[in-house]
Visitor: 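This is the structure, below, for whatever I ask next.
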Amino acid sequence: MNGVNKTLYIPLYGKAQVSQKGIILADQKAEEIWKKEQFPLKGKAKSKWLAYNMAMRARVFDDWTKRQLKEAPNALVLHIGCGMDSRVLRVGTAAGAWYDIDFSEVIEERRKYYSENDQYHMLCGDASKPAWVESLPEAEELIVILEGVSMYLTNDEVRELFLVLQRKYKHIHLLMDVYTTFGAKASKYKNPINTVGVTQLYGMEGPETLMINPEIQFAGEGTMTPQYLVDELKGFEKAFFTWMFTGSVTKKIYRLFEYFITQA
């Protein structure tokens, strides 16, 4: 795998470690895959603090997806840049269809652990070249999960992805984590993904960066470290994690944006 694809093992490791502790995120599939794969991570990539952060981020995306599916149970779900994540098992497919999308070599690896059925599908696709969107089925409502993806795309590539989705679907609910411009620059020096060979990352100034037409609406900003999840940590771990991963300094680096997009 290339460097970007190898980054999938960092959140996989984090989710497996936290799941074993019985806090924040229950992810038996991550435990199963990590036990077999044991990809050789180094340094910060194996930090327990990063593991807590990855698990909380995953849980926030899970909870958001569940809320969206409760409102629109027939929605089509796209998990773009799925890696080895088991969100489809943690959340469920409701009444609509679910597509996990990633590079071909990632999907090939994924097929060792996941099986398709009438509702669940795996699709080879590059977020920076979204022609594959045309092969997707029609749907009134689309739920898009972009977790840990935007920082590998230029702003123009994210805009193009938005536009391609907008041309095909009437109502789109989308959640994405982003680096700020400052965060992308800082990550060249102190980021766990450097250990797998990734040094080029991208950030954006704010949510308006992607609002290139009136139908792309900013629905709000969330947090990847909500207090109800931080509270699952105790004592020193809770205090240190709060200092390290929450507050105004973190917001200058890393943010969570939600959009609602309708057809032009």
Side-chain angles (χ1 to χ4, degrees), residues 7-34 41 44-73 75 77-94 98 100 102 110 113-114 120 143-151 173-179 192-193 219-235 237-247 250-251 253-259:
T7 62
L8 65 88
Y9 289 111
I10 298 174
L12 177 67
Y13 170 80
K15 286 176 279 192
Q17 296 304 303
V18 173
S19 181
Q20 287 177 348
K21 291 177 180 286
I23 58 173
I24 303 171
L25 187 76
D27 198 336
Q28 293 183 342
K29 181 62 75 171
E31 293 183 47
E32 172 196 341
I33 297 172
W34 184 258
L41 298 177
K44 294 183 180 66
K46 297 192 75 172
S47 161
K48 71 176 179 179
W49 309 110
L50 181 64
Y52 291 149
N53 197 26
M54 292 289 96
M56 285 189 195
R57 183 182 78 175
R59 174 70 181 276
V60 166
F61 273 84
D62 283 3
D63 291 349
W64 177 84
T65 306
K66 288 177 182 177
R67 290 195 298 272
Q68 298 304 319
L69 284 171
K70 186 175 181 179
E71 294 295 323
V77 180
L78 304 185
H79 185 181
I80 302 173
C82 60
M84 300 298 283
D85 188 81
S86 68
R87 178 162 291 118
V88 66
L89 301 179
R90 299 193 304 267
V91 171
T93 53
W98 184 302
D100 274 337
D102 215 314
R110 188 177 177 85
Y113 294 96
Y114 297 87
Y120 174 63
I143 298 169
V144 181
I145 302 158
L146 278 174
E147 180 186 6
V149 173
S150 72
M151 55 285 302
H173 307 267
L174 184 147
L175 188 66
M176 63 188 297
D177 53 332
V178 306
Y179 279 145
I193 63 175
E221 181 166 357
T223 174
M224 286 168 281
T225 55
Q227 193 61 48
Y228 72 96
L229 294 180
V230 175
D231 286 344
E232 294 200 28
L233 303 176
K234 304 300 178 184
E237 287 194 342
K238 179 179 177 180
F240 186 81
F241 183 89
T242 299
W243 172 77
M244 190 173 182
F245 288 103
T246 67
T250 299
K251 191 173 179 179
I253 298 172
Y254 194 35
R255 300 172 71 179
L256 182 67
F257 295 158
E258 181 179 356
Y259 292 91

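Nothing here was measured: the structure is a model prediction, and the numbers come from that model. Computed from heavy atoms alone, side chains included, the values below leave out hydrogens, waters and symmetry copies.
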Visitor: Side chains of Glu237 and Tyr52 only: does a donor on one sit below 3.5 Å from an acceptor on the other?
Guide: yes
Visitor: Assess, by modelled atom type and distance only, whether the side chains of Tyr228 and Asp63 contain a donor and an acceptor separated by less than 3.5 Å.
Guide: yes
Visitor: What residues form a ring pair (Phe, Tyr, Trp, His ring centres under 6.0 Å) with Tyr114, not counting sequence neighbours?
Guide: none
Visitor: CZ of Arg90 to CG of Asp85: how many Å apart, nearest 0.5 Å?
Guide: 4.0 Å
Visitor: Parallel, tilted or perpendicular: which describes the rings of Trp243 and Phe240, with under 30° parallel and over 60° perpendicular?
Guide: tilted
Visitor: Please enumerate all residues that pass ring pair (Phe, Tyr, Trp, His ring centres under 6.0 Å) together with Tyr113, with sequence neighbours excluded.
Guide: none
Visitor: Considering residues at least two apart in sequence or located in another chain, which fulfil the salt bridge (Lys or Arg N to Asp or Glu O under 4.0 Å) criterion with Arg255?
Guide: Glu221
Visitor: For the pair Trp98 and His79, name the ring-plane relationship: parallel under 30°, tilted 30 to 60°, perpendicular over 60°.
Guide: perpendicular
Visitor: Run the ring pair (Phe, Tyr, Trp, His ring centres under 6.0 Å) test against His173 and tell me which residues pass, sequence neighbours left out.
Guide: Phe260
Visitor: Check whether any side-chain N or O of Asp102 sits under 3.5 Å from a backbone N or O of Cys82 as a donor-acceptor pair, and report yes or no.
Guide: yes
Visitor: Can you list the residues that meet the salt bridge (Lys or Arg N to Asp or Glu O under 4.0 Å) rule with Lys238, with sequence neighbours excluded?
Guide: Asp231
Visitor: Does either side chain, that of Glu258 or that of Trp64, offer a donor lying less than 3.5 Å from an acceptor on the other one?
Guide: yes
Visitor: Gln227 pairs by side-chain contact (heavy atoms from CB on, under 4.5 Å) with which of Val230, Thr223, Leu229, Thr225?
Guide: Val230
Visitor: Quick check for you: to the nearest 0.5 Å, what is the distance between Thr246 atom OG1 and Met56 atom CE?
Guide: 9.5 Å
Visitor: Do Met84 and Lys29 come within less than 4.5 Å of each other through their side chains, counting heavy atoms only?
Guide: no
Visitor: Between Lys66 and Asp62, is the closest basic N to carboxylate O distance under 4.0 Å?
Guide: no
Visitor: Restricting to salt bridge (Lys or Arg N to Asp or Glu O under 4.0 Å), what partner residues turn up for Asp177, sequence neighbours left out?
Guide: Arg57
Visitor: Within this structure, what is the CG-CD1 distance for the pair Leu175 and Ile143, rounded to the nearest 0.5 Å?
Guide: 11.0 Å
Visitor: Do the side chains of Arg87 and Glu147 get close enough for a salt bridge, i.e. N-O under 4.0 angstrom?
Guide: yes
